[in-house]
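Input: a single structure, listed below in structure tokens.
Lettering of chains follows the sequences in order, A, B, ..., and the numbering in each one begins at 1.
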Amino acid sequence: MNENEMSRILEYVRSLSFDLEKLREILLANLVLIGEIPSPTGEEQNRIAFLEERWAEYGLLDCATDELGNGVAILPGQKGDSTILLVAHADTPFALTEDHTYSVNSSRVFGPGVADNSLGVAVLSSLPLFFEKLNIQLQSDLCFLVPVRHLDQGDQEGLKFFLGNIKNPVDAAIVVEGAQLGRLNFRSMATLGGKITCQINRRISQESAINVLCHVVSRLNKMDLPQENHTLLTLGAIEGGVSYKYPARNGELKFQIRSNSGQTIEKITGVIYNILDDIALQPGVSAHLTPIAHTSSGGLDSSHPFVLAARQIQATLDIVPQDSIYSPAISAFAEYNIPGLCIGITLAENINYLDEFIEIEPIMKGVAQLIGILMAIDGGLRCKTSTTG
Amino acid sequence: MQNINNWLKSNTFHHSQFKDISRLVEEKEKQGVTISLCIPTLNEEKTIGKEVVIFKSELMDRYPLIDELAVIDSGSTDRTLEVAASFGADVYLSADILPEMGAKRGKGENLWKAIYQLKGDIIVYVDADIKNIHPRFVYGLVAPLIYRREIKYVKAFYDRPLALSGQIRPSGGGRVTEILIRPLFSLFFPELTALVQPLSGEYAARREILEKIPFPIGYGVETSHLIDVYSEWGLEALAQTDLDRRVHRHQATRDLGKMAFGILRVFFKRLKQREIVECLPELPTLLRQFQAKGEQYEQIVYEIFEEERPPMIEVDAYCNQH
């Protein structure tokens with residue numbers, strides 16, 4: 001794509017968020033209707049069914065669920081000689097039994113999963129109508145994918161299944177997350193998400209599983225994490241025991257290690273197994289590591305045309321860029337050598353808690369950003385580039 | 001009883017029968033009727049935003065089923081009107097409508113003033129405190145009026161259990177319905193017992209009906225409507241639609257006592273008007289409830305007038321406007 005074309009896109013994007021404001025209620029209504037359909041990992045079928053109904057109504061082609069339950073539809077482009085994949089995962093980390101009622105005031109929408117990722121899904125459900133109302137037609141086919149079994153133990157299963165089985169090649173991919181506006185992820189780190197479970201045999205030991213997990217935490221924190229490849233340990237969740245008056249019989253710790261280097265992850269995993277072996281030397285105490293999710297490192301370089309175009313579009317819309325270029329969302333695309341970006345639509349807080357909320361005001365700027373990037377990629381596809389692993 | 005059974009078969013619907021909204025819009029446009037949605041409010045800032053967003057987007061922008069979406073407010077002290085207006089609803093203070101008629105406080109007052117203020121041939125009323133709001137709350141009530149011209153007033157009920165075993169299950173309304181309204185209807189208007197939830201706050205009606213019936217301004221408005229429409233146009237003019245499930249605030253028993261008192265005043269007034277009961281004394285307006293404080297019991301007295309607004313057709317300003 002030449003500079004003139006990019007200037008034209010930037011000029012268009014500047015006025016786009018104003019035009020999109022008139023369509024704001026369509027997106028908010030879809031957000032509430034989608035968000036109030038519970039969609040825990042592995043039970044996303046009702047949310048997918050709603051989407052398919054919407055897409056079919058907007059005249060999208062091949063609206064279907066694949067064997068795994070992913071929702072897929074195609075908006076044909078004028079030429080259709082290339083395909084851009086738009087992805088927003090269907091699942092949320094909230095059980096069917098939680099209260100999924102959303103509420104809306106003049107500046108915010110509240111509800112479990114509203115940012116992660118009901119808003120992303122709502123954008124995918126509304127975009128075909130926005131294109132129609134704004135008379136936008138891409139040259140490339142736009143493939144909408146709402147994958148299932150994405151989060152935590154789902155380990156992006158739906159997305160990996162789709163990429164592993166799709167017949168037509170995908171030329172570029174954009175992952176749409178509800179938050180945060182300003183993110184632009186184009187590389188993935190190697191990660192290991194894991195669960196350490198500890199069990200005490202009461203016939204042999206009166207030890208508390210909580211003490212054991214504390215010991216594990218202490219050893220994990222003392223590990224030497226190589227800084228040169230940005231290795232990080234996150235202790236995400238811990239639970240154990242049933243009562244205040246008895247030593248806990250079992251406990252569970254969930255964590256993630258991230259690094260630029262897959263070898264570092266392998267090495268640290270070995271260290272964790274050694275720690276657990278040491279602990280298991282105590283009579284009646286056992287501790288196990290169960291891997292939850294893996295990703296491998298890879299993605300685009302900072303100088304990739306898609307990245308540069310996305311940065312220009314964000315700057316044009318006065319979107320404040322966020323620091324990290326890494327997201328596990330990119331991992332599957334890196335594995336299949338598909339250039340991929342991950343962006344956010346608005347600002348949010350308390351993500352993955354029941355009091356999660358999003359800000360309404362920036363939403364249409366986030367959507368304008370998405371449309372701008374799509375247009376830039378659509379033009380840019382004429383000079384194809386590849387990813388680095 | 002035969003009439004009730006026939007009516008239950010022919011005039012009881014489920015919202016899923018009407019989910020083809022584009023067909024409904026087509027039929028509405030063919031008939032040339034207009035539809036206004038009225039949401040009466042009093043301090044509903046937590047739920048009003050979602051209702052307006054869903055109805056405006058789904059039933060005005062996506063499908064042009066409703067022509068007007070209005071919030072009529074009794075004087076909220078929270079941000080109800082600001083939130084509703086920010087999502088595109090027309091907002092009105094009840095006191096500003098027909099100011100020469102004065103301002104009275106009560107949901108029925110807002111519903112009555114909506115007949116003057118709104119333009120639709122059909123008016124659909126939906127309460128603002130529904131947590132699980134969905135377009136079915138409107139299209140499920142409007143559709144019987146569009147598809148069946150002889151139906152004039154459609155009432156919502158909520159009855160879909162999570163699993164249907166095929167066995168008999170109790171089907172009914174809330175506490176006031178089951179221990180007050182249904183016994184009263186059984187005694188005096190047996191055919192009206194066929195309405196599963198006579199007190200539900202969601203209903204749609206033709207203007208030609210609404211303008212001809214009086215409106216109690218408080219708790220008795222739903223009961224009075226059913227008696228008045230039934231008495232004038234018969235059971236065939238009524239219909240009911242199952243809207244599945246409604247999640248809303250639970251009311252304290254003491255508040256239900258006030259509701260029951262208001263309903264009884266409206267009910268007895270109609271018995272007297274129709275000479276069903278003779279020698280009814282002048283009914284007091286005071287409801288007495290009790291509360292314990294230590295070992296002392298004390299009386300709490302509420303004054304509940306249950307005033308009524310006249311049929312709108314009798315108001316000069318309305319007749320001049322129409």
Side-chain angles (χ1 to χ4, degrees), chain A residues 19-38 46 49-50 52-59 96-112 114 118-119 122-123 125-130 132-134 355 357-361 363-364, chain B residues 16 19-23 25 39 41 43-66 69 71 76 78-89 91 128-139 162-163 244-250:
Chain A
D19 294 336
L20 280 166
E21 275 306 317
K22 295 171 207 153
L23 306 171
R24 185 185 67 163
E25 275 74 34
I26 292 172
L27 179 56
L28 291 179
N30 279 333
L31 170 62
V32 170
L33 292 168
I34 287 165
E36 291 192 343
I37 303 171
N46 290 341
F50 175 90
E52 276 180 6
E53 212 171 276
R54 284 280 137 131
W55 286 335
E57 209 175 282
Y58 297 150
L96 288 175
T97 48
E98 294 291 358
D99 180 1
H100 280 74
T101 305
Y102 276 33
S103 65
V104 181
N105 69 24
S106 42
S107 57
R108 291 172 176 171
V109 182
F110 298 80
V114 61
S118 302
L119 179 57
V123 168
S125 75
S126 312
L127 208 58
L129 186 62
F130 291 173
E132 186 191 309
K133 300 248 180 203
L134 298 167
D355 55 352
F357 68 84
I358 58 157
E359 301 286 346
I360 292 175
E361 194 268 327
I363 289 178
M364 285 314 184
Chain B
S16 59
K19 73 173 190 180
D20 186 349
I21 309 176
S22 57
R23 191 182 146 224
V25 170
I39 307 176
T41 55
N43 295 329
E44 310 283 3
E45 68 174 1
K46 284 192 179 150
T47 46
I48 190 66
K50 189 165 78 172
E51 283 204 16
V52 173
V53 162
I54 298 264
F55 289 141
K56 182 169 179 296
S57 167
E58 294 290 298
L59 302 178
M60 290 182 93
D61 299 339
R62 189 159 162 245
Y63 295 109
L65 181 66
I66 53 177
L69 194 171
V71 166
S76 293
D78 66 5
R79 297 170 63 226
T80 299
L81 289 182
E82 184 195 328
V83 173
S86 73
F87 293 114
V91 295
D129 65 340
I130 304 171
K131 285 174 79 180
N132 61 325
I133 200 69
H134 186 275
R136 69 174 185 268
F137 283 80
V138 169
Y139 69 71
L162 292 177
D244 273 357
R245 199 167 152 259
R246 184 193 199 279
V247 182
H248 59 106
R249 286 191 296 260
H250 196 67

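Neither the backbone nor the side chain of A:Arg108 comes within less than 4.5 Å of any heavy atom in chain B. Only the side chain of A:Ile360 comes within contact range of chain B, with heavy atoms under 4.5 Å apart. Contact annotation for B:Lys56: only side-chain heavy atoms (C-beta onward) come within less than 4.5 Å of a heavy atom of chain A.
Aromatic ring pairs are classed by plane angle as parallel below 30°, tilted from 30° to 60° and perpendicular above 60°; the pair A:Phe110 and A:Phe357 is tilted.
The residues B:Glu58 and B:Lys19 are annotated as not salt-bridged, no charged nitrogen and carboxylate oxygen being separated by less than 4.0 angstrom.
Applying the side chain to side chain contact (heavy atoms under 4.5 Å, CB included) rule to A:Ile37 yields the partners A:Asn46, A:Arg47, A:Phe50; only residues at least two apart in sequence or on another chain are considered. Residues meeting the salt bridge (Lys or Arg N to Asp or Glu O under 4.0 Å) test with A:Glu53, sequence neighbours left out: none.
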